[in-house]
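Not measured: the values here are computed from a predicted model. Ligands are counted one by one from 1 in listed order, and the atoms in each one are counted from 1 as well.
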Amino acid sequence: MKIKSSSEFVLLACLVAFCAVGVCQGGSLRKNFYEKSCPNAEEIIKNATWKHVTTNQELPAKLLRIHFHDCFVRGCDASILINSTTSNSAEKDAIPNLSLSGFDVLEEIKAELEKKCPGIVSCADILSLAARDSVSFQFKKPMWEVLTGRRDGRVSLQSEVLPNIPSPFHNFTLLKQFFEKNGLTVHDLVVLSGGHTIGIGHCNLFSNRLYNFTGKGDQDPSLNPAYAQILKSKCRSLTDTTTTVPMDPDSDLDFDSDYYVILNQNKGMFQSDAALLTNKGARNIVNELTNQTKFFTEFAQSMKRMGNIGVVTGSSGEIRKKCGIIN
Ligand code: HEM
Ligand SMILES: *[C@@H]1O[C@H](CO)[C@@H](O)[C@H](O)[C@H]1NC(C)=O
Ligand SMILES: *[C@@H]1O[C@H](CO)[C@@H](O)[C@H](O)[C@H]1NC(C)=O
Ligand SMILES: *[C@@H]1O[C@H](CO)[C@@H](O)[C@H](O)[C@H]1NC(C)=O
Ligand SMILES: *[C@@H]1O[C@H](CO)[C@@H](O)[C@H](O)[C@H]1NC(C)=O
Ligand SMILES: *[C@@H]1O[C@H](CO)[C@@H](O)[C@H](O)[C@H]1NC(C)=O
Ligand SMILES: *[C@@H]1O[C@H](CO)[C@@H](O)[C@H](O)[C@H]1NC(C)=O
């Protein structure tokens with residue numbers, strides 16, 4: 001590279017200095033990292049994921065949420081996939097834990113890759129790609145770019161989940177803080193909450209809004225009353241911990257911008273969804289994202305940023321042999 005001016009030199013020197021202290025660590029992810037070492041890796045992952053989605057329409061929601069939880073705890077290092085052992089309670093067993101169907105599929109894809117290119121493709125990349133591919137199945141084209149080259153972490157602690165995963169009971173201030181801790185903005189918060197256009201939630205995570213919002217047997221006044229009636233017919237009491245309800249009532253299997261449309265009708269299911277309307281800046285973003293074209297463009301960009309959180313690269317970490325077990 002030719003350096004044309006002293007200001008360019010200063011810029012370059014700054015970049016080098018930043019990288020030395022690890023700030024630009026995520027910069028080492030790149031397009032098609034396995035191009036030489038396992039040329040078909042991305043296609044194998046896509047084919048296997050699509051095959052599973054044809055028989056399991058709920059899989060995109062499962063994988064997208066697992067990917068989010070992975071990235072928010074210790075970075076996108078597949079620490080969420082580790083099984084607990086007699087001496088360690090892993091992330092997977094924390095209270096906001098995730099349904100099983102996704103883990104089996106990821107382990108199956110990993111086994112296929114181990115047969116074709118042993119020791120090459122990380123579980124962290126498999127999860128990032130499979131989450132993207134599962135959501136993309138509906139469109140038959142990739143909905144966001146996934147850079148690769150992540151390696152797998154060697155630590156997974158149940159105790160790190162609650163302090164890092166936002167709660168459905170959080171207000172706007174707390175949600176903002178949890179995202180900022182990961183280098184994500186309010187814009188990312190609103191855009192990524194759009195992930196709730198697919199999937200389900202358990203009654204006990206919002207039934208306080210239906211039955212006992214302030215401890216006086218009351219309803220959350222910020223929840224659409226007609227919608228509250230519908231939710232009450234499904235979640236019959238405060239103690240129901242097993243019933244699940246679609247978060248986007250009319251199209252919980254379609255990845256679309258309906259989340260923002262219903263949110264504006266005060267039909268966001270969790271307090272954390274409704275909280276996005278309590279801040280003026282966030283409310284403006286919600287309005288903008290009711291436009292599906294805009295939502296898809298913004299979601300692609302925010303997912304790329306989320307997929308870059310705390311990635312392990314170079315010679316750190318490991319390439320796990322099985323996603324559920326540290327080598
Ligand atoms: C903003 C903070 C967030 C909070 C408080 C939150 C909370 C929750 C909760 C409580 C559930 C229901 C879990 C259950 O009852 O089984 C859920 C489901 C889900 N979340 Fe989030 N979430 C947040 C952000 C995100 C992000 C950033 C994504 C991905 C981009 C995401 C994707 C999903 C998906 C796809 C589901 C459905 C899972 C399924 O159907 O099994 N969420 N979320
Ligand atoms: C993936 O699926 C396509 C379409 O079925 C097929 O043509 C291709 O060979 C598959 N690729 C791999 C690597 O299995
Ligand atoms: C969720 O955690 C509970 C205990 O905290 C455990 O019994 C259960 O197996 C976990 N579920 C998954 C999917 O790991
Ligand atoms: C948000 O919730 C936290 C914890 O409950 C509380 O301390 C804080 O005052 C709340 N912020 C707002 C603006 O309501
Ligand atoms: C509603 O909340 C109040 C205050 O927390 C509590 O005393 C009461 O038992 C709750 N009601 C029900 C039905 O759980
Ligand atoms: C949605 O956003 C796109 C891209 O910015 C724009 O071209 C289109 O006109 C918008 N549609 C509506 C209905 O506003
Ligand atoms: C992890 O635990 C689950 C549930 O107990 C089990 O089905 C799975 O085979 C385990 N994974 C590995 C790699 O041992």
Among all protein non-hydrogen atoms, which one is nearest to [atom], and what is the separation to 0.1 Å?
atom                    : result
atom 5 (O) of ligand 4  : L174 CD1, 4.4 Å
atom 12 (C) of ligand 7 : N83 ND2, 3.6 Å
atom 11 (N) of ligand 4 : N171 ND2, 2.9 Å
atom 4 (C) of ligand 5  : G215 CA, 3.7 Å
atom 13 (C) of ligand 5 : L238 CD1, 3.9 Å
atom 6 (C) of ligand 5  : N212 ND2, 4.2 Å

**Asked** Does K232 NZ have over 12 foreign heavy atoms under 6.0 Å away?
**Response**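 Yes - once you tally the heavy atoms of other residues, nucleotides and ligands closer than 6.0 Å, there are more than 12.
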
Verify the neighbour count for atom CD of Q301: are there more than 12 heavy atoms of other residues, nucleotides or ligands below 6.0 Å?
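Atom CD in Q301 is packed in, count exceeds 12.
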
Apply side-chain contact (heavy atoms from CB on, under 4.5 Å) to N266 and S222, showing your working. CA-CA 7 Å; N266 298 318; S222 76; 5.6 Å; no

query: Are any non-hydrogen protein atoms located under 4.0 Å from atom 8 (C) of ligand 7?
result: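 Protein heavy atom within 4.0 Å of atom 8 (C) of ligand 7: present.
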
inquiry  = Any protein heavy atom at under 4.0 Å, with atom 2 (O) of ligand 5 as the reference point?
reply    =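 Under the 4.0 Å cut-off, atom 2 (O) of ligand 5 does have protein heavy-atom neighbours.
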
Atoms in ligand 7 with a heavy atom of I325 nearer than 4.0 Å =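 Per the distance check, 13 (C), 14 (O).
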
Could you tell me if T214 and D218 have a donor-acceptor pair between their side chains, going purely by distance under 3.5 Å?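 The criterion, which ignores hydrogens and geometry beyond distance, is satisfied for T214 and D218.
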
Q.
Checking D133 against W50 for the side-chain contact (heavy atoms from CB on, under 4.5 Å) test, could you report, in this order, the C-alpha distance in whole Å, the side-chain angles of both residues, the deciding distance, and whether it holds?
A. CA-CA 7 Å; D133 293 337; W50 283 15; 4.0 Å; yes

Under 6.0 Å from the ring centre and within 45 degrees of the ring axis: does the NZ or CZ of K176 meet both conditions for the six-membered ring of F178?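 Here K176 fails the 6.0 Å and 45° test against F178.
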
Could you point out which residue of D250, T290, T197 forms a side-chain contact (heavy atoms from CB on, under 4.5 Å) with V261?
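For V261, the side-chain contact (heavy atoms from CB on, under 4.5 Å) test succeeds with only one of D250, T290, T197, which is T290.
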
